[in-house]
Amino acid sequence: MIDKDYASYDLMEQDISVVASPGIRPGLSRMAKCLKLLGNPQDKFKAVHVLGTNGKGSTASSLASILTASGLKTALYTSPHLIHMGERLRIDGFLVEQNKWQEAWEEVKSIIKDNFAAEDRPTAFELITAVCFLIMARENVDVAVVEAGMGGRLDATNLLGNVALSLFTTISLDHTSYLGTTPSQIAHEKFAVIRPGAKALYMGGPDDVEDVFIARCMKMVAEGHIFSRECVVRPRHLSLDGVVYDLWTSRGNCFCALETRLAGAYQTQNTALAAFGAVLLSENVFPSINRKSIRDGLLSARWPGRFEVIRLNGKTVILDGAHNPDGMKALAVSLKSALPAKEDVVILMAMMKDKDIEGALEKLEGLPIRKIICTQVPGLQRSKQAQELAIIVQEVFPRSIVAIEPELQRALDEAMKENGFIVICGSLYLIGAIKKIMGS
């Protein structure tokens, strides 16, 4: 459910932006100092740390749903948000009340203003993370499933004090300015968060990245697991309403006909990874996790903006925040699997300037794309201008109709006039802006 009364969250987010240092500033000293002054709330609950390039949110949401179904008071912290900042934190599947956000933020803001020079304050992401850690501690959660931001050694979430499982989805190129220019380099940064003696789980592939994972686990004497080596997944059914599959694990589990309402072919792997993570946590960490809670948790999991299917005015609209080549490839596979044969696709798209736009678009080749409407995210400087995006789109799709509509409401109206399935993709910021329009 979308909370339409998000003005108070927007005002708080603006206040955080005013107090924070601008941009991305890798490093843990600011965050560590802030948390210490708050009494180190991140040490007061067990945590599952979720990292990777694509699939973090849906994997984290699925695992949190399983933990809740297992009787554990479970926090879920994710980013970015789609509609308002309050979406970043849920406890047992519900948004935290805005007044609790406000109380925590006022305490964090007071500490920042009294103890930090203006030029050395934490970033907005660090401040939001500190607020959420404080709320989690105050709410006495049993476990927090925490999605990393950029991920790696210097990510604010890496200060979690009691990590029971480090869970990694796929590793590919993203944030190359900070993490490295090859998957192996990025893997070194992300796997650096594996904790001594704890459990670690990686989706798997390619070989050089798996080697980095294994070496890091050995160095930290961690219990390492590679999903692709230890589990077998057999898809049974894929539709716009979700996926059904069988899962066998190296721990002797056989789950027949696991079902999730998360649509998209890639959700078979993401939710199965979450299920195996739950199996590992059931061993000596959370014994209340069982076969029924895994099954119930997967079925009740929800994750908006990722192959989210909306029926609107007789149209089928698919919202997907895919914004890099791997994400677009997964979107293309899902569309080919779920859509009727020979059905035309109309795409409404905006992308960020710092993404591999051409590489992402090329992954959509082979789809029956009749028209692509290029737009941009209002008020966001990172967003590629619609006219500039259209030039790249026309080069990749010379046989498709390419339209330019910078104003988002008019772009959506134009898409809704078309026949066929409507796919809105290219940026989570775009999905959030579209959902705001739809919600209004």
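All heavy atoms count here, side chains included; hydrogens, waters and symmetry mates do not. Residue numbers run from 1 in the order of the sequence given.
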For the atom pair [atom1] ([X]) and [atom2] ([Y]), what is the distance rounded to the nearest 0.5 Å?
X: Leu67; Y: Ile294; atom1: CG; atom2: CD1; result: 9.5 Å
X: Gln385; Y: Lys353; atom1: CD; atom2: NZ; result: 6.5 Å
X: Asn419; Y: Glu343; atom1: CG; atom2: CD; result: 9.0 Å
X: Ser334; Y: Leu240; atom1: OG; atom2: CG; result: 10.0 Å

Decide if atom CD of Glu358 counts as having more than 12 heavy atoms of other residues, nucleotides or ligands within a radius under 6.0 Å.
no
Counting only heavy atoms from other residues, nucleotides and ligands, does the tally under 6.0 Å from CD of Glu365 exceed 12?
yes
Backbone N or O of [Y] within a donor-acceptor pair of the [X] side chain at under 3.5 Å?
X: Gln394; Y: Phe397; result: yes
X: Ser288; Y: Ser70; result: yes
X: Thr59; Y: Lys56; result: no
X: Ser427; Y: Met351; result: no
X: Arg88; Y: Thr129; result: no
X: Thr375; Y: Glu405; result: yes
X: Arg234; Y: Cys256; result: no
X: Ser61; Y: Gly57; result: no
X: Thr74; Y: Leu72; result: yes
X: Asn253; Y: Trp248; result: no

For residues [X] and [Y], report the shortest heavy-atom separation together with the two atoms involved.
X: Leu408; Y: Ala433; value: CD2-CB, 3.5 Å
X: Ala148; Y: His49; value: CB-NE2, 3.9 Å
X: Ser184; Y: Asp208; value: CB-OD2, 3.9 Å
X: Leu298; Y: Ala275; value: CD1-CB, 4.2 Å
X: Ala257; Y: Asp246; value: N-OD1, 2.7 Å
X: Ala130; Y: Leu38; value: CB-CD1, 4.3 Å

For [X], all residues meeting side-chain contact (heavy atoms from CB on, under 4.5 Å), sequence neighbours excluded:
X: Lys73; value: Ile91, Asp92, Glu139, Val141, Asp142
X: Lys329; value: Lys363
X: Ala144; value: Phe45, Ala75, Met136, Val146
X: Pro304; value: Leu82, Glu308, Lys435

For the residue pair [X] and [Y], establish whether any side-chain heavy-atom pair is separated by less than 4.5 Å.
X: Met352; Y: Val377; answer: yes
X: Ser282; Y: Arg251; answer: no
X: Ile434; Y: Leu348; answer: yes
X: Ile318; Y: Leu339; answer: yes
X: Thr169; Y: Asn54; answer: no
X: Tyr429; Y: Ser383; answer: no
X: Thr157; Y: Tyr77; answer: yes
X: Ile424; Y: Val317; answer: yes

Is it the case that [X] and [Y] place a side-chain donor and acceptor less than 3.5 Å from each other?
X: Glu189; Y: Gln185; answer: no
X: Ser250; Y: Glu230; answer: yes
X: Ser58; Y: Asn270; answer: yes
X: Gln409; Y: Asp413; answer: yes

The criterion is side-chain hydrogen bond (donor to acceptor under 3.5 Å, both in side chains); which residues satisfy it with [X], sequence neighbours excluded?
X: Thr271; result: Tyr245
X: Thr268; result: none
X: Lys384; result: none
X: Asp296; result: Lys292

Return the set of residues passing salt bridge (Lys or Arg N to Asp or Glu O under 4.0 Å) with Arg399 (not counting sequence neighbours), or none when no residue passes.
none
Assess the residue pair Trp101 and Cys132 against the criterion (side chain to side chain contact (heavy atoms under 4.5 Å, CB included)); give the C-alpha distance rounded to whole Å, side-chain angles, the decisive distance to 0.1 Å, and a yes or no.
CA-CA 8 Å; Trp101 271 89; Cys132 289; 3.4 Å; yes
Charged N to carboxylate O under 4.0 angstrom, Arg229 versus Asp207?
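Answer for the salt bridge query: no.
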Taking the basic N atoms (NZ, or NE/NH1/NH2) and the acidic carboxylate oxygens, is any pair closer than 4.0 Å for Lys100 and Glu103?
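No salt bridge links Lys100 with Glu103.
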Using the rule given for side chain to side chain contact (heavy atoms under 4.5 Å, CB included), can you reason through Thr123 versus Arg30, listing the C-alpha separation, both sets of side-chain angles and the distance that settles it, and then say yes or no?
CA-CA 9 Å; Thr123 65; Arg30 299 177 303 275; 4.3 Å; yes
Start with the C-alpha distance between Phe133 and Leu160, add both sets of side-chain angles, then the distance that settles side chain to side chain contact (heavy atoms under 4.5 Å, CB included), and finish with yes or no.
CA-CA 9 Å; Phe133 285 171; Leu160 286 164; 3.6 Å; yes
Could you go step by step and tell me if Val423 and Leu331 meet the side chain to side chain contact (heavy atoms under 4.5 Å, CB included) rule?
CA-CA 10 Å; Val423 178; Leu331 171 59; 4.3 Å; yes
Salt bridge (charged side-chain N to carboxylate O under 4.0 Å, His left out) contacts in which one or both residues fall within residues 367-380, not counting sequence neighbours:
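Those involving residues 367-380 are Asp344-Arg370, Arg370-Glu418, Lys371-Glu414, Lys371-Glu418.
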Exercise answer: donor-acceptor pairs, residues 17-24 side-chain atoms, under 3.5 Å, sequence neighbours excluded:
| from | atom 1 | to | atom 2 | distance (Å) |
| --- | --- | --- | --- | --- |
| Ser17 | OG | Glu13 | O | 3.1 |
| Ser21 | OG | Arg25 | NH1 | 3.0 |
| Ser21 | OG | Arg121 | N | 3.2 |
| Ser21 | OG | Arg121 | O | 2.3 |

Those residues that, when tested against Phe307, pass ring-ring contact (aromatic ring centres under 6.0 Å, His included) (two or more places apart)
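Partners of Phe307 by the ring-ring contact (aromatic ring centres under 6.0 Å, His included) criterion come out as none, since no residue qualifies.
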